[in-house]
Amino acid sequence: VQLQASGGGLVQAGGSLRLSCAASGRSFGSFSWFRQAPGKEREFVAAINWNGATTYTNSAKGRFAISRDKAKKTVYLQMNSLTPEDTAEYSCAATSSLYELGAAENWWDYWGQGTQVTVSS
């Protein structure tokens with residue numbers, strides 16, 4: 001079972017990035033994105049369930065959009081209007097739960113490696 005995140009990089013403030021997380025080895029019900037900035041705890045960013053229902057942390061609402069392609073077993077995080085405060089390592093996570101979504105780290109069973117997002121001012 002593997003979750004492979006990609007798409008991070010260096011972008012100027014106001015710019016956009018799209019992160020991808022490809023799952024292999026099995027199917028998952030729901031996916032999420034978390035991020036961890038230097039010196040800070042990892043925090044929940046967004047999640048999507050089997051039906052496409054989504055939830056976001058307040059700072060991501062209106063700027064980020066999580067989506068999934070079931071055929072490709074891939075989840076995406078489109079990030080717009082990025083600010084330096086969005087600089088962090090972004091990680092994807094997954095669970096077998098089809099419909100319920102949780103913001104706590106221990107809700108998610110499988111984790112991928114992170115991809116670094118750096119937003120310059």
* Would a 4.5 Å heavy-atom cut-off, applied to side chains only, mark R26 and S96 as touching? -> yes
* To do: Please report the shortest heavy-atom distance between I66 and W33, naming the atom on each side.
  => CD1-CD1, 3.7 Å
* Min side-chain heavy-atom separation L17-D86 under 4.5 Å -> no
* Examine F28 together with W50 and report whether their ring centres are nearer than 6.0 Å. => no
* Looking at OG1 of T115 and CG of L77, how far apart are the two atoms once the value is rounded to the nearest 0.5 Å? -> 11.0 Å
* Same apolar cluster (I L V M F W Y, side chains within < 4.5 Å links), V11/V45 -> yes
* Asked: At what distance, to the nearest 0.5 angstrom, does CD of Q2 lie from OH of Y110?
  -> 13.5 Å
* To do: Report the distance from atom OG1 of T118 to atom CD of Q12, rounding to the nearest 0.5 Å.
  => 13.0 Å
* To do: Could you grab the distance from atom CZ of R42 to atom CZ of F34, nearest 0.5 Å is fine?
  => 7.0 Å
* Set of residues satisfying side-chain contact (heavy atoms from CB on, under 4.5 Å) with respect to A47, sequence neighbours excluded -> S32, F44, T55, L101, W108
* Can you tell me how far CD of Q36 sits from OH of Y90, rounded to the nearest 0.5 angstrom? -> 12.0 Å
* Asked: Side chains of L82 and F64: does their closest heavy-atom pair fall under 4.5 Å?
  -> yes
* **Side chain proximity check, W107 to S97, heavy atoms < 4.5 angstrom** => yes
* Is there a donor-acceptor contact under 3.5 Å linking the side chains of R63 and T83? -> no
* Structure fact -> Scanning both residues in full, the closest heavy-atom pair of N49 with R68 reads O-NH1, 3.1 Å
* To do: With the side chain counted from C-beta on, respond yes when Y76 and L19 share a heavy-atom pair under 4.5 Å apart, and no when they do not.
  => no
* Structure fact -> Looking only at heavy atoms, the pair that brings A13 and P84 closest together is CB-CD, 4.2 Å
* Asked: Do the non-hydrogen side-chain atoms of Q4 and Q113 ever get within less than 4.5 Å of each other?
  -> yes
* Asked: Mind checking what makes salt bridge (Lys or Arg N to Asp or Glu O under 4.0 Å) contact with E100, not counting sequence neighbours?
  -> none
* Asked: What is the minimum heavy-atom distance between L3 and C21, and which atoms define it?
  -> CB-SG, 3.9 Å
* For the residue pair S16 and Q78, establish whether any side-chain heavy-atom pair is separated by less than 4.5 Å. => yes
* Give the C-alpha distance, both sets of side-chain angles, the deciding distance and a yes or no for salt bridge (Lys or Arg N to Asp or Glu O under 4.0 Å) between E43 and R35. => CA-CA 5 Å; E43 65 173 352; R35 66 186 181 186; 2.6 Å; yes
* Sidechain-backbone polar pair: T74 side chain, K72 backbone, donor-acceptor under 3.5 Å -> yes
